[in-house]
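Here the structure comes first, spelled out in structure tokens, and everything after it is commentary.
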Amino acid sequence: MNEQTQLAGISRRRFLGWTALLSAAVSLPARVWAWARPEAAFAATGIDTALAGLGGTPTVHDAIQFTTPDIAENGAVVPIRIEVDSAALPNVSKVSVLVEMNPNPMAAVFDIAPDTEVYIETRVKVAQTCNLYAVVEADGALYMQSRETKVTLGGCGG
Amino acid sequence: MIKKWAWLIGILAMPALSDDGIFDEYRDLMGDDNPAIFVIDEGEALWFEPQGPRSASLEGCDLGLGRGVTAGAYARFPRYFEDTDTVMDIESRLLHCMQQLQGRDRDTLLAKPYSLRGDMGTELEALVTWLAAESEGAVIAPEQVHPAERAMYALGEEVFFYRAGPHDFSCATCHEQSDMRIRLQALPNLTEHQDAAETFGSWPAYRISEGLVRTMGWRLQDCFRQQRWPGLKLGSEVSVALQTYMAVNAAGGVMTAPGLKR
Amino acid sequence: MRLMLRTGVLLAGALTLSSGVVSSERLDTVLERSFVDNGQATVDRLQQDPVQQACHHSRSTPPDAATATSLRQERLDAVIFPADGDFLGDWQRGAEVADNGRGLQSSDDPAQPNGGNCYACHQLAPDEVAYGTLGPSLTGYGARGQSEPMLRYTWTKLWDTHAYNLCSHMPRFGAQGILTEQQLKDIMAFLLDPASPVNQDL
Amino acid sequence: MSRIKIRAQQADGITEVKALMRHPMETGMRKDQAGESIPAHFITEVAVFHGERTVMRGYWGAAVSANPFLGVRFKGGEAGDTVKVTWVDNQGGAGEGDTTIR
């Protein structure tokens, strides 16, 4: 059965010693990276302060395709997708996701390498029905798209 | 058998119970990736790990198909075991093996069988998840041969319709009609084969609301909590009886667990 | 009141019933063994009252005509109407009661007010999309007016649905003490007040 | 348990990477059953590498969902190339996983 569980190179036998192995294998934390986590934006408790932490007020740009569900089955996991048409908006270097009504609206920032696609998929927590923002930085300017996602009570209500 | 890319190619799909398609877009975006894949690995590792005073693994555990046979075993539960002279669900059978083979203490094992808020999973949850994955694609075929197995079905049916508590709720209150929902949650009609098969076959399941895999034993406990009933004991006659009722109604369906649910 | 162990013979051990019939004595002992007190949700809740018993044995459909008639009348006679004769409270507070799904579960704080959890089963205000379908839609309920018979009918349905619909799935919010008289008045207003969102077009 | 499942697939010069990480992503705002605060525990930084090249670096807050999913696309990449995903969290934990492009 071992070959069947070789997912992404992690066999069962390797998994058994995985935790110990990790501390040795992964010693390349943030310090050696050239970019930095925008701490002010992450610490912000309101959408305006969070945007200020990213560098200002973005303008709406149609080259940003921001996909979120209109209605989410559960706020704990809301799938999002951000795609930028690089012909219409070139040189995108950063992509950010913000959730307006979360205690800390800043959810994630992605630094995009110069010669790659601008395409990000992830899942975020959405505390209540509100607007989600996709903000991108290109040539030092900020652009955005926003979408409302409804968060519903799916179960027995208790 | 665990399929290498099962988490990416749609085998762990959401159930298609009726909720008027309101979450189709959400589920489309979610895709088929199911974090239960991690829990399957964890359960498999735990099965082979020597534990307890006897430093034994669970490889000698008889889940009904012979010692150490895991493939397809989940799909045959609940079933009668001669060595205990009772009908057992998979969770109580695993606890039995942990006591008998590994020499572990029952009260300690029962202290926290299911995850609480903030946990990433328990040993029992992981083992059940792996064993369910070992029955993926298997036909649901609970034993109904021994008189005790048939009696369990009858008891399960009786309890299913039993109304009690301050809200007068029974299992049937929510689960004897088709195409109904509570809030936006589709409710399976567990008296009917199709819904019973889809439901029984998709537990244990990763619950995205909790970030955890939950088992059928937990599911029943939580139903009774919401029914305003007292606490259901793991492996109790009522728990095993209701699982038998569902499994027999589901018989002939296919195991798809671990599922992915809200 | 604890569950009574009515049979001393069929105690612990394997189930050995040979047919599909489970006697009620047997069921009591099995329930007693299978459940434990869990906070406010105690095992005595499993003792059935006459309504629960009648509706259980008939599988959620009303029992025989004679039993049904007498039970229905008994429930009707037991309805307690508002002492001050005023049926309508505050629809805004009623909206909160309708939305709240908590109360009387082992996981709930008994010091907090119970909810009515109306949206679990009914459509009410049309802008709330998360409603269940186990019960009929009550959107626009206020169109039925506020005549005395209408007020008494609606109150009775909330207090004890079995007075009209024996073996309905709906909880007995008044008779079982789930909601207070004031909460029931607030729900009445939420249903019937022309200003309530229940009675607005989307 | 620090593990990552990764798939990388290449078509028409674009490689798509999908990764699933085992992590609780605790916000620090939840309480456990006993009423005690559950400490914040979340991935703060994540990176995707194609061989030696960094194709994406992410900085996350606790609002990314538990057992996080990440999908990215990059130009280039041939079948057989190595794709690696790494993360570090706010408690000093780290994870790494790799796969080959199909």
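FYI, side chains are in, hydrogens and waters are out, and symmetry mates aren't considered; it's all heavy atoms of this structure. Throughout, protein chains are lettered first and strands after them, A, B, ... in sequence-line order, and every chain is numbered starting at 1.
A distance of 11.5 Å separates CZ in C/Arg172 from NE2 in B/His167, rounded to the nearest 0.5 Å. One finds the CZ atom of C/Phe35 at 9.5 Å from the CD atom of B/Gln221 (value rounded to the nearest 0.5 Å). Note: B/Gln227 CD to C/Ser106 OG = 11.5 Å, rounded to the nearest 0.5 Å. Taking CG from C/Asn117 and CD from B/Gln226, the interatomic distance works out to 9.5 Å, rounded to the nearest 0.5 Å. The line from CG of B/Leu232 to CG of C/Leu31 is 10.0 Å long, rounded to the nearest 0.5 Å.
Looking only at heavy-atom pairs under 4.5 Å with chain B, the residue among C/Pro171, C/Gly132, C/Ala41, C/Ser34 that has the most is C/Ser34. Ranked by heavy-atom pairs shorter than 4.5 Å toward chain C, the options B/Ser239, B/Pro230, B/Cys174 are led by B/Pro230. The most heavy-atom pairs under 4.5 Å with chain B, out of C/His122, C/Gln40, C/Gln123, C/Gln176, come from C/Gln176. Considering only heavy-atom pairs separated by less than 4.5 Å from chain B, the leading option among C/Val51, C/Val129, C/Asp49, C/Leu104 is C/Leu104. The candidate from B/Ala241, B/Gly231, B/Gly165 with the greatest count of non-hydrogen atom pairs under 4.5 Å with chain C is B/Gly231.
Residues B/Phe161 and C/His56 place their aromatic rings such that the two centres sit no closer than 6.0 Å.
Contact check on C/Asp99 versus B/Arg183 returns a salt bridge, with a Lys/Arg side-chain nitrogen under 4.0 Å from an Asp/Glu carboxylate oxygen.
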Give the C-alpha distance, both sets of side-chain angles, the deciding distance and a yes or no for side chain to side chain contact (heavy atoms under 4.5 Å, CB included) between B/Glu176 and C/His169. CA-CA 11 Å; B/Glu176 70 169 339; C/His169 284 159; 2.9 Å; yes
Begin with the C-alpha distance, continue with both residues' side-chain angles, and end with the deciding distance and a verdict on side chain to side chain contact (heavy atoms under 4.5 Å, CB included) for B/Leu155 and C/Leu27. CA-CA 8 Å; B/Leu155 175 63; C/Leu27 194 55; 3.6 Å; yes
Using the rule given for side-chain hydrogen bond (donor to acceptor under 3.5 Å, both in side chains), can you reason through C/Arg33 versus B/Ser236, listing the C-alpha separation, both sets of side-chain angles and the distance that settles it, and then say yes or no? CA-CA 7 Å; C/Arg33 283 200 298 267; B/Ser236 63; over 6 Å; no
Run B/Tyr162 and C/Gln48 through side chain to side chain contact (heavy atoms under 4.5 Å, CB included) and show every step you take. CA-CA 9 Å; B/Tyr162 190 88; C/Gln48 288 180 323; 3.3 Å; yes
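Heavy atoms closer than 4.5 Å to chain B are found in both the backbone and the side chain of C/Leu134. Contacts of B/Phe160 with chain C are absent, with no heavy-atom separation under 4.5 Å from either backbone or side chain. Only the side chain of B/Phe169 comes within less than 4.5 Å of a heavy atom of chain C; its backbone N, CA, C and O stay farther away.
Heavy-atom contacts from other residues, nucleotides or ligands closer than 6.0 Å to CD of C/Glu148 number more than 12.
Taking every heavy atom of both residues into account, C/Arg45 and B/Pro166 meet most closely at CD-CD, 3.5 Å. In plain terms, the two heavy atoms of B/Arg163 and C/Gln52 that are nearest each other are O-CB, 3.4 Å.
Inspection of non-hydrogen atoms places no residue of residues 186-202 of chain C under 4.5 Å from chain B.
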